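Below is one structure, written out as structure tokens; the observations come after it.
Every value quoted in this text rests on a predicted model; they were computed, and no experiment measured them.
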Amino acid sequence: MTYYNNAVITKRELLVRLIQLLDNDSLLDKIDRIPVEMRPRTNSPIRCCVHKDRAVIKYKIMALLGFNIADEEDELTPLKEYAVQALEGYTQNGNFLTVVDEACSSCVQVNYTVSNLCQGCEGRPCQVNCPKDAIMVINGKANIDHQKCVNCGICQKACPFHAIAYLPVPCEESCPVKAIRKNEDGIEEIDFEKCIHCGKCMTACPFGAISEKSQILNLFYNIKHQKEKTVAMVAPAILSQFKASASQILSSIKAIGFDEVMEVAEGANMTTDHETNELLERLDEGARFMTTSCCPSYIEFTEKHATELKPYVSDTPSPMAYTAQLAKERYPDHKAVFIGPCLAKRTEAYKNPNVDYVITTEELGALFAALKIDFATNNDDSVVAEIVRPESRGYASSGGVTNAIKTALSTEHNIETELIDGIDKKNIRLLKSLPKKKSTDASFYEVMACENGCINGPVNVSPLKVSQNNLKKAMREIEQKQTVEEINA
């Protein structure tokens with residue numbers, strides 16, 4: 001899902017700038033200068049003028065400070081005041097996406113338009129076949145009355161010259177549950193009664209107008225000033241995102257200032273064991289199938305759009321939930337910080353009292369860059385937990401949960417499995433059909449909201465192919481370490 005463009009570069013530059021200012025104790029003094037520094041008058045404006053560009057930067061900073069843009073009461077409130085609230089721990093409300101309205105102003109208001117390829121042909125199949133009489137031919141060219149048009153696309157299919165173009169609204173097109181639509185002002189609004197926090201709208205927007213609300217500055221401020229002890233819970237997908245070994249990445253995370261580091265793969269061990277037992281028990285009791293429970297976007301989907309699936313979802317907690325439980329047992333006076341590639345983990349953590357913060361792969365990368373942390377100088381192998389299994393790190397990739405379950409099953413159990421790789425319109429239809437069937441093709445369904453799994457999450461920093469190769473290396477590291485330990489034993 002990771003999509004790299006200038007809007008993404010801007011977001012990452014903002015993160016690095018904010019962290020550096022905070023690290024230098026100059027955030028409050030200089031934060032209001034960032035829009036001016038990043039968009040000087042000497043540069044050609046990206047939008048209509050430099051003032052528009054600076055306004056966009058300002059509101060993107062507000063989002064990174066953790067604020068919902070729509071809640072702004074006074075446009076003249078300086079960023080410094082928002083920064084003060086962020087450092088003190090601005091209260092989140094459970095909705096972790098916000099739309100930067102200043103940036104959301106350039107997408108089309110309509111989906112079908114007639115191009116200059118129109119030949120004004122005598123047949124006029126576009127006009128004849130339109131079910132709403134929305135097309136008129138004026139001065140030899142077809143025109144669409146968008147007050148009547150219902151975006152059915154029949155005219156486009158009928159035109160022999162391919163003169164009618166479909167213009168998508170990227171965020172709306174990408175959302176699998178139709179949770180985002182333009183309001184009367186032409187600005188996209190997210191319906192959080194429908195939103196499953198998959199992050200697809202955020203990565204699809206070419207203007208960077210959809211942003212997550214971050215906790216990074218409040219967390220780093222507390223770490224820097226040692227206001228609270230912290231334990232970092234590192235998702236397996238993180239090990240796929242940087243060109244370094246697992247021990248180097250985990251050691252570098254500790255070098256940021258975390259007191260302790262744990263792999264979420266520890267929790268994945270527990271999820272595998274419990275989910276395997278639960279699957280066998282359900283099948284023995286006559287259940288037709290069971291689905292996984294570790295993807296929070298999928299869980300939100302079942303709660304908001306497919307309640308008929310809920311009885312078939314595993315009751316086993318996610319690896320993050322189990323790891324957070326372990327963290328609170330081992331380090332009861334520490335704040336637990338989940339680090340991962342998933343926007344929806346913010347919503348899962350919001351509901352879990354054992355998780356205090358969530359930061360993303362992008363935010364972790366910004367911390368590494370801002371603090372100039374070198375992987376080569378951090379390589380403490382002791383940070384790698386001895387009990388982590390290779391297949392538990394594999395949870396980060398599609399098919400990883402299934403592989404872990406199959407590895408845990410004894411040889412007498414032959415369970416048919418199926419992978420639902422990505423929540424899209426096609427897979428939604430498939431999922432909703434399962435409870436209605438008398439029999440299903442599989443007994444165990446692994447469901448991942450992101451195609452190819454967490455390594456392709458919305459806030460990752462590495463291309464998919466690189467991530468896949470890095471994850472395989474991280475899994476081999478565990479296998480080789482365990483082999484050496486067995487030989488030495």
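Around NZ of Lys425, the count of heavy atoms belonging to other residues, nucleotides or ligands within 6.0 Å exceeds 12. For CZ of Arg181, the number of neighbouring non-hydrogen atoms (other residues, nucleotides, ligands) closer than 6.0 Å is greater than 12.
When atom types are taken as modelled, the side chain of Ser318 and the backbone of Ala321 share a donor-acceptor pair closer than 3.5 angstrom. At least one donor-acceptor pair closer than 3.5 Å links the side chain of Asn218 to the backbone N or O of Leu87. Between the Ser211 side chain and the Thr98 main chain, no donor and acceptor come within less than 3.5 Å of each other. Listed for the Asn452 side chain is no donor-acceptor partner under 3.5 Å among the backbone atoms of Asn456. A donor-acceptor pair under 3.5 Å links the side-chain atoms of His197 to the main chain of Phe96, judged by distance alone. Checked by atom type and distance alone, the side chain of Arg288 pairs as donor or acceptor with a backbone atom of Lys437 at under 3.5 Å. A donor-acceptor pair under 3.5 Å is absent between the side-chain atoms of Lys473 and the main chain of Ser240, judged by distance alone. Checked by atom type and distance alone, the side chain of Ser443 never pairs as donor or acceptor with a backbone atom of Thr417 at under 3.5 Å. Panel note: side chain Asn460, backbone Cys454; a donor-acceptor pair is recorded below 3.5 Å. Without hydrogens or angle criteria, Asp424 side chain to Lys426 main chain gives a donor-acceptor distance under 3.5 Å.
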Side chain to side chain contact (heavy atoms under 4.5 Å, CB included) evaluation trace for Thr292 with Val401: CA-CA 8 Å; Thr292 50; Val401 183; 3.8 Å; yes

Full working for side chain to side chain contact (heavy atoms under 4.5 Å, CB included) between Lys58 and Arg54: CA-CA 6 Å; Lys58 172 192 172 181; Arg54 290 173 180 175; over 6 Å; no

Side chain to side chain contact (heavy atoms under 4.5 Å, CB included) between Thr316 and Tyr322, worked out: CA-CA 9 Å; Thr316 300; Tyr322 274 126; 3.9 Å; yes

Worked verdict on Arg282 versus Glu285 for salt bridge (charged side-chain N to carboxylate O under 4.0 Å, His left out): CA-CA 5 Å; Arg282 288 199 183 200; Glu285 292 170 359; over 6 Å; no

Val177 vs Lys304, side chain to side chain contact (heavy atoms under 4.5 Å, CB included): CA-CA, chis, key distance, verdict: CA-CA 10 Å; Val177 292; Lys304 296 177 179 180; over 6 Å; no

Test log, rule side-chain hydrogen bond (donor to acceptor under 3.5 Å, both in side chains), inputs Thr291 and Tyr298: CA-CA 10 Å; Thr291 76; Tyr298 170 58; 2.9 Å; yes

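Ion pairing of Arg17 with Glu37 is present here, as a side-chain N (NZ or NE/NH1/NH2) and a carboxylate O approach within less than 4.0 Å. By the 4.0 Å N-to-carboxylate-O rule, Lys52 lies close enough to Glu102 to be salt-bridged with it. Between Arg393 and Glu263, at least one side-chain nitrogen of the basic residue sits less than 4.0 Å from a carboxylate oxygen of the acidic one, meeting the salt-bridge criterion. Using a 4.0 Å cut-off between charged side-chain N and carboxylate O, Lys310 and Glu303 make a salt bridge. The pair Glu212-Arg346 meets the salt-bridge criterion, since a charged nitrogen lies less than 4.0 angstrom from a carboxylate oxygen. Lys200 and Glu451 are not joined by a salt bridge, as no carboxylate oxygen comes within less than 4.0 angstrom of a charged side-chain nitrogen. Using a 4.0 Å cut-off between a side-chain N of Lys or Arg and a carboxylate O of Asp or Glu, Arg12 and Glu362 qualify as a salt bridge. Look at Asp53 and Arg47 and you find a salt bridge, because one of the NZ, NE, NH1 or NH2 atoms lies within 4.0 Å of a carboxylate O, short of that distance.
With a 4.5 Å cut-off on side-chain heavy atoms, Asp441 and Tyr445 count as touching. You'll find the side chain of Ile216 reaches within 4.5 Å of the side chain of Ile19, heavy atoms only. Contact check for Lys60 versus Met38: no side-chain heavy atoms found under the 4.5 Å cut-off. A 4.5 Å side-chain heavy-atom check between Ile46 and Asn6 finds every atom pair outside the cut-off. At a threshold of 4.5 Å between non-hydrogen side-chain atoms, the residues Cys205 and Pro170 do not count as touching. The closest side-chain heavy-atom distance from Thr402 to Lys406 is below 4.5 Å. Leu97 places a side-chain heavy atom less than 4.5 Å from the side chain of Cys195. With contacts defined as side-chain heavy-atom distances shorter than 4.5 Å, the pair Glu72/Tyr59 qualifies.
Side-chain polar atoms of Ser397 and Gln468 form no donor-acceptor pair below 3.5 angstrom. Ser398 and Glu446 are not linked by any side-chain donor-acceptor pair at a separation below 3.5 angstrom, with hydrogens and angles left out of the test. Using modelled atom types, one finds no donor on one side chain facing an acceptor on the other under 3.5 Å when comparing Gln241 with Thr361. One side chain, Glu275 or Ser314, offers a donor N or O that lies under 3.5 Å from an acceptor on the other. The closest side-chain donor-acceptor pair between Glu391 and Asn403, if any, does not fall under 3.5 angstrom. Checking Thr272 against Tyr395 by side-chain atom types alone, a donor-acceptor pair falls below 3.5 Å.
Note that CG of Leu283 is 4.5 Å distant from CG of Leu279, once rounded to the nearest 0.5 Å. Separating the NZ atom in Lys345 from the CE atom in Met233 is a distance of 9.5 Å, to the nearest 0.5 Å. For the atom pair Leu217 CG and Leu22 CG, the distance stands at 6.0 Å (nearest 0.5 Å). The line from CD of Gln215 to CG of Leu64 is 12.5 Å long, rounded to the nearest 0.5 Å. Separation of atoms CD1 (Ile144) and CD1 (Ile164) is listed at 5.0 Å; rounding is to 0.5 Å. Rounding to the nearest 0.5 angstrom, the gap separating the CZ atom in Phe301 from the CD1 atom in Ile423 is 6.0 Å.
Of all the heavy atoms in Ala179 and Lys194, the pair that sits closest is CB-CB, 3.7 Å. Here the closest non-hydrogen pair linking Pro236 and Leu471 is O-CD1, 4.1 Å. Listed here is the closest heavy atom pair of Val447 and Cys295: O-CB, 3.6 Å. Nearest heavy atom pair, residue Asp421 against residue Asn427, reads O-ND2, 3.7 Å. Scanning all heavy atoms of the two residues, the minimum distance from Ala366 to Leu15 falls at CB-CB, 3.6 Å.
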Name the atoms and distances for all side-chain donor-acceptor pairs under 3.5 Å in residues 126-142, with sequence neighbours left out.
| unit_1 | atom_1 | unit_2 | atom_2 | d |
| --- | --- | --- | --- | --- |
| Gln127 | NE2 | Ile135 | O | 3.3 |
| Asn129 | ND2 | Pro125 | O | 2.7 |

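Phe242 and Phe368 have perpendicular rings, their planes meeting at more than 60° on a 0 to 90° scale where under 30° would count as parallel.
The aromatic ring centres of Tyr112 and His146 sit 6.0 Å or more apart. The distance between the ring centers of Tyr357 and Phe338 does not fall below 6.0 angstrom.
The residue from Thr360, Val358, Leu364 that alone fulfils the side chain to side chain contact (heavy atoms under 4.5 Å, CB included) condition with Ile339 is Leu364.
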